[in-house]
Amino acid sequence: MKPDLFEAPDYYNLDELLSEEHKLVRDAARQWVKRDISPIIEEYAQKAEFPNQIIKGLAEIGAFGPYIPTEYGGAGLDQISYGIIMQEIERGDSGVRSTASVQSSLVMYPIFQYGTEAQRKKYLPKLASGQLMGCFGLTEPNHGSNPNGMETKFKDMGDHYLLNGAKLWISNSPFADIAVVWAKNEEGRIHGLIVERGMEGFSTPETHNKWSLRASATGELIFNNVCVPKENLLPGKNGLGAPLGCLDSARYGISWGAIGAAMDCYNTALRYAKERVQFGKPIAAFQLQQKKLAEMITEITKAQLLAFRLGQLKNEGKATSAQISMAKRNNVDMALKIAREARQILGGMGITGEYSIMRHMMNLESVITYEGTHDIHLLITGADITGIAAFQ
Ligand code: TGC
Ligand code: FAD
């Protein structure tokens, strides 16, 4: 792979809106990605393996629980810092950002928001340091966009719960130490349970042959009469709103993360277009290539402004689920379109692992599907503006 010459585009001087803390967080994450991700990520993506050695570095840059209070081991940062960290990590690879998103927003967040004090103390500091890794089980073989139909269930056995069912497409599952699992009780109400590796009847087979997010480990969660201690139930919230609340936090992070992938594609394509000579001129001199590049920087700038404003609303506790949904949909769609255009600017070289663009493009095919598909997010906006839900 080529050396990492990334320079972040900032067409509207967004830097001027960032605090000193935001810039410090960003610089630390950016340097870490240049040093520890860029040199190795192509090899790991090619061999479809998660680079375990990066867990310590992710913890050190505050990527595990950036907004979780420091008393629980988190970084105690604001929502804009969280977004910036996701942006920088996804600039390196969406799969690495997935690992951080899941750990922060889908494992630490529910334990922090819905857990007991004992659960917070037991799990959060170890999750923040990467000593424990987690995953989040909502999607099932028969229920993806419609998690409310889930079949995974648990029964109250007096001194413990008995858990049965299966989850599919679970990021980090093959190596996770704990899983936050969403299952229905005997009354059909959804609850969150913390399931630990090693519990009898619990297995996590890996999903192979993905063409996307190849450096992220994805798998199943299988529960075959698993005895879950009663103290592992998250008591603070139940119903579908509980897992969807976690998704709000993760989708917000993805709306920033996707900008990182788009920036990397744009920056790579811009550099290539200025260097590559055809018909006696750099290809950047041709109007068709300029149109592509001009549209890319415009879309990146719009996405940056959307994410930044959403971050302000999140900091004020005012961001709605529908606003978050719009940013996730728009920014991932923007990044995927930019990856496809950037790939073309590189011609044949664009399909090789010498450059990051094709990897970003394939990764973004998952990002546009997980955490709610593009269609589902369109319907969320549709329901929000019309007052009529068109999901069924
Ligand atoms: P609906 O009737 O609309 O809502 C049920 C209850 O939930 C509440 N609610 C929310 N609460 C918090 N945040 C949100 N975003 C919420 N959206 C809805 C709602 O108020 C209601 O509460 P209550 O108290 O009235 O019961 O539910 P629905 O069944 O009609 O479904 C709505 C729909 C389709 C939008 C929802 O099911 C959905 O978002 N589906 C998409 C599923 C999805 O996103 N799955 C993601 C799985 S995790 C994942 O992909 C991780 S990838 C990680 C990585 O690697 O980065
Ligand atoms: P389906 O729901 O079957 O959808 C198929 C198609 O139908 C889509 O195009 C969809 O938009 C469309 N569709 C569905 N319903 C409607 C409707 N009402 N109106 C119009 N169109 C509709 N899940 C987790 O729980 N935890 C994880 O960590 C996790 N990680 C993932 C990692 C990867 C790499 C991938 C690919 C997925 C991951 N997921 C995870 C699952 C992900 O959230 C689901 O794939 C996603 O929610 C879509 O569900 P589905 O794949 O079953 O598609």
To the nearest 0.5 Å, what is the distance between [atom1] ([X]) and [atom2] ([Y])?
X      : Y      : atom1 : atom2 : answer
Ile357 : Arg340 : CD1   : CZ    : 14.0 Å
Leu336 : Met362 : CG    : CE    : 12.0 Å
Ile37  : Ser356 : CD1   : OG    : 13.0 Å
Cys265 : Leu270 : SG    : CG    : 12.5 Å
Gln312 : Glu316 : CD    : CD    : 6.5 Å
Leu346 : Ile283 : CG    : CD1   : 7.0 Å

Contact check, side chains of [X] and [Y], non-hydrogen atoms, under 4.5 Å:
X      : Y      : answer
Thr320 : Leu313 : no
Asn185 : Leu233 : no
Cys246 : Tyr114 : yes
Trp182 : Pro147 : no

Do [X] and [Y] belong together in a cluster built from hydrophobic side chains that touch within less than 4.5 Å?
X      : Y      : value
Ile40  : Val33  : yes
Trp256 : Ile300 : yes
Trp169 : Ile222 : no
Met199 : Ile194 : no
Ile89  : Met263 : yes

Test log, rule salt bridge (charged side-chain N to carboxylate O under 4.0 Å, His left out), inputs Arg26 and Asp15: CA-CA 11 Å; Arg26 185 206 44 212; Asp15 250 33; 2.7 Å; yes
Pair Asp333 + Lys337, salt bridge at N-O below 4.0 Å: yes
Can you name the residues that form a ring-ring contact (aromatic ring centres under 6.0 Å, His included) with [X], not counting sequence neighbours?
X      : result
Tyr355 : Tyr272
Tyr109 : none
Phe223 : Phe202
His191 : Phe154

I'd like a table of donor-acceptor pairs (distance under 3.5 Å, sequence neighbours excluded) in which one partner is a side-chain atom from residues 155-163, with atom names and distances.
| from | atom 1 | to | atom 2 | distance (Å) |
| --- | --- | --- | --- | --- |
| Asp156 | OD1 | Gly158 | N | 2.9 |
| Asp156 | OD1 | Lys230 | NZ | 2.8 |
| Asp156 | OD2 | Lys230 | NZ | 3.1 |

Of all pairs that satisfy salt bridge (Lys or Arg N to Asp or Glu O under 4.0 Å), the ones with a partner from residues 299-309, not counting sequence neighbours: Glu299-Lys302
Sequence neighbours excluded - salt bridge (Lys or Arg N to Asp or Glu O under 4.0 Å) pairs with any residue from residues 88-115: Asp4-Arg91, Arg30-Glu88, Glu90-Arg97, Arg91-Asp264, Asp93-Arg359
Just by modelled atom types, is the [Y] backbone N or O under 3.5 Å from a matching donor or acceptor in the [X] side chain?
X      : Y      : value
His360 : Ala339 : no
Lys314 : Tyr252 : no
Arg214 : Gln46  : yes
Asn164 : Asn225 : yes

Side-chain donor-acceptor contacts of residues 236-243 below 3.5 Å, not counting sequence neighbours, with atom names and distances?
| from | atom 1 | to | atom 2 | distance (Å) |
| --- | --- | --- | --- | --- |
| Asn238 | OD1 | Arg189 | NE | 2.7 |
| Asn238 | OD1 | Arg189 | NH2 | 3.2 |

Please tabulate, one pair per line, all N/O donor-acceptor pairs under 3.5 Å involving side-chain atoms of residues 122-134, not counting sequence neighbours.
| from | atom 1 | to | atom 2 | distance (Å) |
| --- | --- | --- | --- | --- |
| Lys122 | NZ | Glu196 | OE2 | 3.4 |
| Tyr123 | OH | Glu196 | OE2 | 2.5 |
| Ser129 | OG | Pro125 | O | 3.4 |
| Ser129 | OG | Lys126 | O | 3.2 |
| Ser129 | OG | Gln131 | N | 3.3 |

Assess the side chains of [X] and [Y]: does a donor N or O sit below 3.5 Å from an acceptor N or O?
X      : Y      : value
Tyr370 : Ser171 : no
Thr99  : Asn172 : yes
Asp384 : Thr381 : no

Kindly check if the number of other-residue, nucleotide or ligand heavy atoms within 6.0 Å of [atom1] ([X]) is above 12?
X      : atom1 : result
Lys153 : NZ    : no
Gln53  : CD    : yes
Lys47  : NZ    : yes

For the residue pair [X] and [Y], what are the closest heavy atoms and their distance?
X      : Y      : value
Lys167 : Gly137 : CE-O, 3.5 Å
Gly311 : Gln79  : O-CB, 4.2 Å
Met150 : Ile190 : CE-CD1, 3.8 Å
Trp32  : Gly57  : NE1-CA, 3.4 Å
Glu371 : His377 : O-NE2, 2.8 Å
Ala250 : Tyr82  : CA-OH, 4.0 Å

From CA spacing to verdict: side-chain hydrogen bond (donor to acceptor under 3.5 Å, both in side chains), Glu140, Thr152: CA-CA 8 Å; Glu140 298 190 352; Thr152 299; 2.7 Å; yes
Review item, side-chain donor-acceptor pairs of residues 59-74, under 3.5 Å, at least two apart:
| from | atom 1 | to | atom 2 | distance (Å) |
| --- | --- | --- | --- | --- |
| Glu60 | OE2 | Lys56 | NZ | 3.1 |
| Tyr67 | OH | Ser105 | OG | 3.1 |
| Tyr67 | OH | Ser249 | OG | 2.7 |
| Tyr72 | OH | Glu117 | OE1 | 2.9 |
| Tyr72 | OH | Glu117 | OE2 | 2.9 |

Where at least one partner belongs to residues 298-336, residue pairs that pass ring pair (Phe, Tyr, Trp, His ring centres under 6.0 Å), sequence neighbours excluded: none
Under the side-chain hydrogen bond (donor to acceptor under 3.5 Å, both in side chains) test, residues paired with Gln392 that sit two or more places apart: none
Aromatic ring pairing Phe175/Phe50, orientation class (parallel under 30°, perpendicular over 60°, tilted between): parallel
Six-ring centre of Phe112, Arg120 cation under 6.0 angstrom, axis tolerance 45°: yes
